[in-house]
Colleague: 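Sharing a structure below in structure tokens format, with a few things to ask.
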Amino acid sequence: QQARQQAAFALGTTPAAYLAWDGVQRARCTAEAALAAHRGPSAAKRRTLTRDVVLLSLLTHQPPDRVGVTRLLRLGHTCKRTGPQTFELDLSQPGAHKTSAAFGPTVTTIPPAVAAWLATWVELAAIPEGGYLFHAAGDPTTPHTEAAWTKLVKATFRRTSGVALAPKDLRSAFVGFLQAGAHSDAALKAAAAAMRHSSQTQRSHAYDKERCDRHEQGLSRSRPSALSRVT
């Protein structure tokens with residue numbers, strides 16, 4: 001299990017369909033530009049473009065949350081209005097997410113930039129109280145299955161970046177961004193908590209730059225050079 005966790009966040013073992021965090025941000029900007037440039041009469045097209053922006057804003061404007069949290073956002077339940085264009089993420093109920101038992105109940109303010117798009121989406125998609133923000137076609141009472149959610153996220157990234165990035169790989173891209181930059185261990189630990197990672201993952205190389213650096217240095221010393229392999 002530890003090996004799988006480390007492999008999931010190792011910078012040298014990226015999946016085939018992968019975007020670095022700067023590419024992820026460019027995908028969101030592309031979605032916003034496409035919506036701003038839309039002038040056609042098609043309501044369905046505007047709805048799709050708006051959904052792309054809302055989805056990418058939720059996934060990329062902050063450290064990516066657990067996949068199930070975003071997939072199951074529900075108006076008036078986990079996503080509560082606090083004003084005309086303000087919302088809060090309410091995960092105070094038991095079992096609200098995979099590691100809720102470890103993290104306990106939380107209620108956090110959704111960033112204003114994301115909340116403004118959420119308000120637009122709720123009105124445009126006519127999501128009723130109790131409806132899921134991202135739902136099966138024509139039925140706001142039914143959320144996407146895990147497979148359908150993965151398909152939707154991958155299709156959105158494919159349209160906006162050319163890469164079909166899966167939601168689970170989005171979290172890896174953010175961790176890679178943190179490791180590659182001049183971020184302190186305190187910042188990495190704060191990011192781990194924001195992403196609701198398990199305590200075991202928080203203690204792994206992914207969130208400890210000194211351990212990660214020592215680990216990489218040890219690997220580089222143990223690997224034979226290209227010349228020695230040839231000889």
Colleague: Tell me the closest heavy-atom pair linking A36 and R39, and the distance in Å.
Modeller: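 Of all heavy-atom pairs spanning A36 and R39, the closest is O-NH1, 2.5 Å.
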Colleague: Tell me which one of T156, L170, V114 satisfies side chain to side chain contact (heavy atoms under 4.5 Å, CB included) with L56.
Modeller: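 It is T156; the other options fail the test.
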Colleague: Is there a side-chain contact between V24 and F157 (heavy atoms, below 4.5 Å)?
Modeller: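 Yes; the side chains approach each other to less than 4.5 Å.
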Colleague: Considering non-hydrogen atoms only, spot the tightest contact between A173 and Y18 and give its length.
Modeller: CA-OH, 3.4 Å
Colleague: Going by the side chain to side chain contact (heavy atoms under 4.5 Å, CB included) test, name the single residue among T141, T142, I127 that passes it with H135.
Modeller: I127
Colleague: Measuring only between side-chain heavy atoms, which start at C-beta, is W149 closer than 4.5 Å to P167?
Modeller: yes
Colleague: Is K80 close to L75 at the side-chain level, that is, under 4.5 Å between some pair of heavy atoms?
Modeller: no
Colleague: Quick one: does P105's side chain get under 4.5 Å of L91's, heavy atoms only?
Modeller: no
Colleague: For the side chain of R28 and the backbone of T60, is there at least one donor-acceptor N/O pair under 3.5 Å apart?
Modeller: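 Answer holds: no.
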Colleague: Distance check, rounded to the nearest 0.5 Å: S57 atom OG versus I110 atom CD1?
Modeller: 11.5 Å
Colleague: Looking at SG of C79 and CG of L72, how far apart are the two atoms once the value is rounded to the nearest 0.5 Å?
Modeller: 12.5 Å
Colleague: Check whether any side-chain heavy atom of E32 lies under 4.5 Å from a side-chain heavy atom of D52, and answer yes or no.
Modeller: no
Colleague: Within the 4.5 Å heavy-atom criterion, are V54 and F134 side-chain neighbours or not?
Modeller: yes
Colleague: List the steps, then state whether side-chain contact (heavy atoms from CB on, under 4.5 Å) holds for F87 with L118.
Modeller: CA-CA 8 Å; F87 296 84; L118 275 179; 3.8 Å; yes
Colleague: With heavy-atom distances below 4.5 Å as the criterion, would you say the side chains of Y132 and D139 are in contact?
Modeller: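 Contact flag for Y132/D139 side chains = no.
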Colleague: I need the L58 CG to L133 CG distance, nearest 0.5 Å.
Modeller: 7.5 Å
Colleague: Can you name the closest pair of heavy atoms from L89 and D65 and give their distance?
Modeller: CD2-OD2, 3.7 Å
Colleague: Shortest non-hydrogen contact from L124 to T50?
Modeller: CD2-OG1, 3.5 Å
Colleague: Got a second to check how far R171's CZ is from L59's CG, nearest 0.5 Å?
Modeller: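 Rounded to the nearest 0.5 Å, the CZ-CG separation comes out at 11.0 Å.
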Colleague: Taking only residues two or more places apart in sequence or in another chain, which ones pass ring-ring contact (aromatic ring centres under 6.0 Å, His included) with W117?
Modeller: none
Colleague: Quick one: NZ on K45 to CG on L35, what's the gap to the nearest 0.5 Å?
Modeller: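 So the NZ of K45 and the CG of L35 are separated by 10.5 Å.
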Colleague: Can you check whether S161 reaches L19 side chain to side chain, under 4.5 Å on heavy atoms?
Modeller: yes
Colleague: Residues two or more places apart in sequence or in another chain: which of them pass salt bridge (Lys or Arg N to Asp or Glu O under 4.0 Å) with D22?
Modeller: R26
Colleague: So, for P111 and H61, which heavy atoms are closest and what is the spacing to 0.1 Å?
Modeller: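 It is CB-CD2, 3.7 Å.
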Colleague: For P84 and A119, which heavy atoms make the closest approach, and how far apart are they?
Modeller: O-CB, 3.8 Å
Colleague: Nearest 0.5 angstrom please: T106 OG1 to E88 CD, how far?
Modeller: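 So the gap between those two atoms works out to 10.5 Å.
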Colleague: Would V153 and L165 count as a side-chain contact (heavy atoms from CB on, under 4.5 Å) if you check the C-alpha gap in whole Å, the side-chain angles of each, and the deciding distance to 0.1 Å?
Modeller: CA-CA 7 Å; V153 172; L165 186 69; 6.0 Å; no
Colleague: Would you sort out whether V122 and R81 count as a side-chain contact (heavy atoms from CB on, under 4.5 Å), showing the intermediate values?
Modeller: CA-CA 11 Å; V122 167; R81 278 191 183 273; 3.7 Å; yes
